[in-house]
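Comments concern the structure below.
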Amino acid sequence: MQKSLHIDPGKCTGCNQCETACAIENEGMVNPARSRIKVFNFHDEGRFVPYTCTQCDEAWCMHACPVDAIVLNPSNGSKDVLDDVCVGCKVCTIACPFGTINYNTSTGKVVKCDLCGGDPACAEACPTQAITYVDANATGLDKMRAWAAKTDNAAGA
Amino acid sequence: MNDVIRAPLAFRNQHEILNMHHLIIGAGPAAVTAAEHLRKLDPNCRITMLAAEGVPPYSRMALPYFLVGDIEPEGCYLRKREGHFEAQGIDVIYGRASSLDTVAKTVTLLGGDMLNYDKLLIATGSTATRPPIDGIDLDKVYNCWSLADAHRIIESTNEGSRVVLMGAGFIGCIILEALANRKVDLTVIEMEERMVSRMTNAPMGDMIKAWCEGKGIRVMTSTQVTSLADDAGVLKVSTAAGDTLDADVVICATGVRANTHWLDGSGINMDAGIVVDDCMATSAPDVYAAGDVAQGRDLSTGDYEVQAIQPTAVEHGKLAARNMINGNATPRGGTINMNVLDTVGLISTSFGLWMGVEGGETAEFSRPDRFEYLNLQFKDDVLVGASSLGMTQHVGVLRGLIQTGAPLGKWKDILLVQPNRINEAYLASAQSQHAALAAA
């Protein structure tokens, strides 16, 4: 059964442990700025929205890549960046309408969530189950609709 | 490359007679994307891709990274797996198209060979041009457009070589770093009053110029090269401003034009490129066009424009393939013009109507000392354009907001004061629109 990240902003307390866990797992450093998941803080409303790649079916990043450096991981559906192939042209960063693939100026490569290869550190680190890794029965479209409804509520839009 | 070399293809014999033959002229991103989508949509059709440069399909986007020495030529290839095209039954042949007969449905190649098609996709891209000035055809005057050009530049420049770069547009700027890293003595001459004028307003253009000058690059704007002359192996470069510069190598990056000359006399409707409708169909039956050569609809303006950008080439390729298979049943409302550029490490982006619209509103964040800039353009409470400097995180949300046309509501007023809260505005406003985007 394929799984996907399930984010419930209503449960997020803004502790940012997901960011720290992500940075340690993927970058080997306690530096939330290097995290692939980002918790947005809606100060005015006292709400927090964890945000990362939905591994969308459209895969704008993967299709826009001119050098075949983003590939589908058939085991968990994630779209993964191949560091040794990425030339750092950044076209994917403008093509992704979610803004969830970003350029790392220190490595000259782009980075995005790869679900930690099937064992996402953010979900493990989350103390309130705001981020869980669950069976993904839904299609990419349904996933996005569900996500949309939640972020709407969370942001009070 | 005049000879047509046919790669062996297991699929050909069994499908040649019964199934539709899709012929694609070109082997860039639009062509490759179309070929792969055609295969996905119809496992049985015949697909032939004509590559003109005698090398496997590659990306011009990657050339600067080859130039700088980060990658081997193979790193520029659009697809990396050995036998990728053969495995999908996509026949890649080498040759250059010279004419099209839309009645007989044939394409003639240089050398006289002829290819038949049931559906044709023209994805012949564009070519670097040279201004008509004295000395432009001298040795050591290069374009930087093809893999072959990149090889020539590498061979003829070393540390300390005096290089004059004509043109500070996209191509000029993107190869600046490659040239700077080769430690050449570099001068850029741009006839517009600012660098990359197709994606920058004055504050942004000024910051890019200051950044380049800080890296030791001489930048001359509002002037142009008027003539080149060879003086005992040294190129004498004269400018409209009256300067004369000595150069070992001159690189011409003053512009590109769509590769349509081979279609003269074909009757196909052309303007700046091949005019296509919302299905990527040209004025001739069963003939489509995609990528840099196609003049398709711009999502923001509604006008038909040659965008000549990688994401549009991919969108065009996908859309053309669908309509070639389903008989023009999938029209789309156009592609968004957007760019990302790395000028010696300074990253700039532009999206949609970054220059603003009549009756619209502007929000601006500017920190010239830190080379940071963000420009947002609104019409009513919808983001219609944006440009940025020094922004690398979540920059794609600018596209998301523009493409979905999400009403920003109260967030527009927040953004007018605090444009940097664009990510929050996006999460609050645009996420719900993405179901529509995915279905589009």
For B:T349, which atoms come within 4.5 Å of any heavy atom of chain A: side chain, backbone, both, or neither?
side chain

Exam field: side chain A:N102 to backbone A:V111, donor-acceptor pair closer than 3.5 Å:
no

Region of B:V314 that comes under 4.5 Å of a non-hydrogen atom in chain A
side chain

Close approach to chain A in residues 383-391 of chain B, criterion heavy atom under 4.5 Å
none

Let me know if B:I336 has heavy atoms under 4.5 Å from chain A in its side chain, its backbone, both or neither.
neither

Parallel, tilted or perpendicular: ring planes of A:F42 versus B:W411, cut at 30 and 60 degrees:
perpendicular

A:L72 side chain reached by A:M62 side chain, heavy atoms, under 4.5 Å
yes

When you measure from the side chain of A:K38 to the backbone of A:Y51, do you find a donor-acceptor pair of N or O atoms at a distance under 3.5 Å?
no

Residue among A:T93, A:V87, A:I94 with most heavy-atom pairs under 4.5 Å to chain B
A:I94

Applying side-chain contact (heavy atoms from CB on, under 4.5 Å) between B:M338 and each of B:M199, B:R399, B:Q307, B:Q310, report the one that passes.
B:R399

Given a strict heavy-atom distance threshold of 4.5 Å, which part of B:L78 is in contact with chain A: side chain, backbone, both, or neither?
both

Does A:E27 have more than 12 heavy atoms from other residues, nucleotides or ligands lying within 6.0 Å of its CD?
yes

Got a donor-acceptor contact below 3.5 angstrom from the A:T132 side chain to the A:Q129 backbone?
no

Would you say A:T105 and B:I347 make side-chain contact, with heavy atoms under 4.5 Å?
yes

Please classify the contact of B:Y58 with chain A as side chain, backbone, both or neither, using a heavy-atom distance under 4.5 Å.
neither

Contact origin within A:N41 toward chain B - heavy atom pairs under 4.5 Å:
backbone

Please flag which part of A:C89 lies under 4.5 Å from any non-hydrogen atom of chain B: side chain, backbone, both or neither.
both

Please test A:Q55 against A:K112 for side-chain contact (heavy atoms from CB on, under 4.5 Å), starting from the C-alpha separation and ending with a verdict.
CA-CA 10 Å; A:Q55 315 298 341; A:K112 70 181 289 297; 3.1 Å; yes

Largest heavy-atom contact set with chain B, pairs under 4.5 Å, which of A:I101, A:V91, A:N104, A:T100:
A:V91

Can a donor-acceptor pair be found, under 3.5 Å and without considering hydrogens, that links the side chain of A:K11 to the backbone of A:T128?
no

Which portion of A:C65 sits near chain B, non-hydrogen atoms under 4.5 angstrom:
backbone

Checking heavy atoms, do the side chain of A:V85, its backbone, both or neither come under 4.5 Å from chain B?
side chain

At a 4.5 Å cut-off on heavy atoms, which part of B:R60 comes close to chain A: side chain, backbone, both, or neither?
neither

Does a salt bridge link A:R47 with A:E45, judged by any charged N lying under 4.0 Å from a carboxylate O?
no

Pairs satisfying side chain to side chain donor-acceptor pair (under 3.5 Å), at least one member in residues 73-82 of chain B, at least two apart
B:E36-B:R79, B:R81-B:H84

